[in-house]
Amino acid sequence: MLSEPRSGRLAAWGNALLAGLVSPDDAVLAIVGEDAVHRVEGLPGESAPVGLTLALGRLRALGVSGLRVALPAPGHPLGLSGPPEFNARALEAEEAVVCHGAAFGLVPEVDEAGPEGDVHVEVVWHVLPVRQAPPADVPSLGEAERELAEALREATEVLSKLDVAGSGPVAEAAIDAYRARAERGREVLAPGYPPRAVRVLELAQRVGLLVSLAYGNGHGGAVSSAEMRARAEALRPVERTARRAQVAAYNAYVEERERGAR
């Protein structure tokens with residue numbers, strides 16, 4: 001939950017490009033981020049992988065007018081609409097992009113090589129057919145914001161009881177890194193997104209930070225297997241809420257377009 005999902009970057013900056021708010025070069029630069037290269041495989045009419053610029057232009061020509069995000073987990077097909085083959089690939093990757101306006105979806109395959117600190121990352125987005133239907137379990141921005149406020153309180157209480165909230169050098173370093181990113185005024189979403197979507201995504205990332213610290217900070221105060229299970233059970237719904245809110249924020253662009261068209 002700490003890092004921005006690649007599907008989020010592709011959807012957000014792809015939407016800004018489709019709306020004419022950014023140039024193709026700026027969109028591709030933001031989507032690739034710190035990775036080495038992104039390619040798209042399986043586009044209709046293309047026998048080999050192509051670059052992002054060509055792929056986004058081709059998707060627009062095929063009728064794509066917006067991009068949504070899916071962040072599924074076992075037992076929770078968040079943002080998916082089928083068919084089963086696409087859902088299975090998305091679940092394996094733990095993320096996907098679903099096109100609006102044409103029945104396509106994109107699932108990333110990530111290849112990493114090299115030593116720690118100098119990892120070379122290449123991403124291939126596989127284009128697959130999807131079912132055009134409402135995405136599963138995606139809340140409105142208003143619902144997500146209310147759920148997140150409660151989830152943040154619950155996460156803080158749970159971590160405090162389990163003696164794992166903000167303790168230890170790893171936790172402190174993660175919190176410092178989060179604050180540094182916020183202070184730099186990083187662009188949380190691409191141009192064209194409503195301010196509420198930015199607020200929801202920032203809060204979802206804060207909640208995700210707390211959950212990640214809890215899972216990554218050893219056993220904390222949970223010294224028995226029963227206590228460790230209790231911690232996992234307590235944090236699971238909080239993590240689920242944060243994922244739902246992330247998807248709601250990334251999908252806000254398409255949702256607003258749909259409301260405006262009615």
Side-chain angles (χ1 to χ4, degrees), residues 1-19 21-22 26-27 30-31 33 66-73 76 78-79 94-98 100 134-159 165-166 171 174-214 235-260 262:
M1 291 292 304
L2 284 180
S3 60
E4 184 180 21
R6 290 180 173 88
S7 57
R9 295 203 305 265
L10 177 57
W13 288 91
N15 283 330
L17 177 61
L18 290 170
L21 299 174
V22 297
D26 287 343
I31 293 167
L67 301 169
R68 287 188 171 104
V69 168
L71 297 177
H76 188 206
L78 175 62
E94 299 183 343
E95 61 177 313
V97 171
V98 180
H100 177 68
D137 198 36
V138 179
S140 68
L141 278 176
E143 292 169 336
E145 199 166 29
R146 290 191 296 272
E147 291 173 1
L148 275 171
E150 180 61 30
L152 187 58
R153 287 192 294 271
E154 291 176 1
T156 302
E157 290 175 5
V158 168
L159 299 186
I175 292 172
D176 288 344
Y178 176 85
R179 287 172 177 162
R181 290 198 304 270
E183 288 169 2
R184 284 199 302 267
R186 66 190 177 95
E187 197 161 15
V188 178
L189 282 170
Y193 276 81
R196 192 175 203 177
V198 176
R199 292 200 309 271
V200 167
L201 184 56
E202 287 178 327
L203 186 53
Q205 290 171 343
R206 283 188 60 199
V207 173
L209 172 65
L210 290 176
V211 172
S212 295
L213 291 179
L235 290 172
R236 194 172 296 117
V238 178
E239 187 272 339
R240 183 185 181 109
T241 297
R243 280 193 300 108
R244 292 180 77 234
Q246 268 196 307
V247 173
Y250 286 121
N251 293 4
Y253 172 85
V254 174
E255 304 307 327
E256 286 210 340
R257 281 180 60 93
E258 284 190 327
R259 282 197 298 271
R262 290 175 191 148

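All residue numbers in this chain count up from 1 along the given sequence.
- Between Ala12 and Ala190, the shortest heavy-atom distance links the atoms O-CB, 3.4 Å.
- Here Glu147 contributes atom CD and Arg244 contributes atom CZ; the two are 4.5 Å apart, rounded to the nearest 0.5 Å.
- What you find for Val97 and Ser7 is that their closest heavy atoms are CG2-O, 3.5 Å.
- Legend: residues meeting side-chain contact (heavy atoms from CB on, under 4.5 Å) with Ala19, ordered by chain and number and at least two apart, are Leu21, Tyr253.
- Counting heavy atoms from C-beta outward, Val254 and Leu67 have side chains that stay 4.5 Å or more apart.
- Under a 4.0 Å N-O distance rule, the pair Arg243/Glu239 qualifies as a salt bridge.
- Using a 4.0 Å cut-off between charged nitrogen and carboxylate oxygen, Glu255 and Arg68 count as a salt-bridge pair.
- Residues Leu189 and Leu201 are in side-chain contact: their nearest non-hydrogen atoms beyond the backbone lie under 4.5 Å apart.
- The residues Glu143 and Arg146 are annotated as not salt-bridged, no charged nitrogen and carboxylate oxygen being separated by less than 4.0 angstrom.
- Inter-residue side-chain proximity for Leu71 and Gln246 is flagged as met; some heavy-atom pair is nearer than 4.5 Å.
- Here the closest heavy-atom approach between residue Ala242 and residue Val207 is recorded as CB-CG1, 3.9 Å.
- Leu141 and Ala249 get closest at one heavy-atom pair: CD2-CA, 3.8 Å.
- Counting heavy atoms from C-beta on, the side chains of Gln205 and Val200 never come closer than 4.5 Å.
- Under the 4.5 Å side-chain criterion, counting only non-hydrogen atoms from C-beta, His76 is in contact with Asp137.
- Salt bridge annotation for Glu95-Arg6: absent, with no cationic side-chain nitrogen under 4.0 angstrom from a carboxylate oxygen.
- Between Leu148 atom CG and Glu202 atom CD the span is 12.0 Å, to the nearest 0.5 Å.
- Nearest heavy atom pair, residue Val247 against residue Val138, reads CG1-CG2, 3.7 Å.
- When all heavy atoms are compared, the tightest approach of Ala248 to Ser140 is CB-O, 4.3 Å.
- With hydrogens and angles left out, the side-chain atoms of Tyr250 and Asn15 include no donor and acceptor closer than 3.5 Å.
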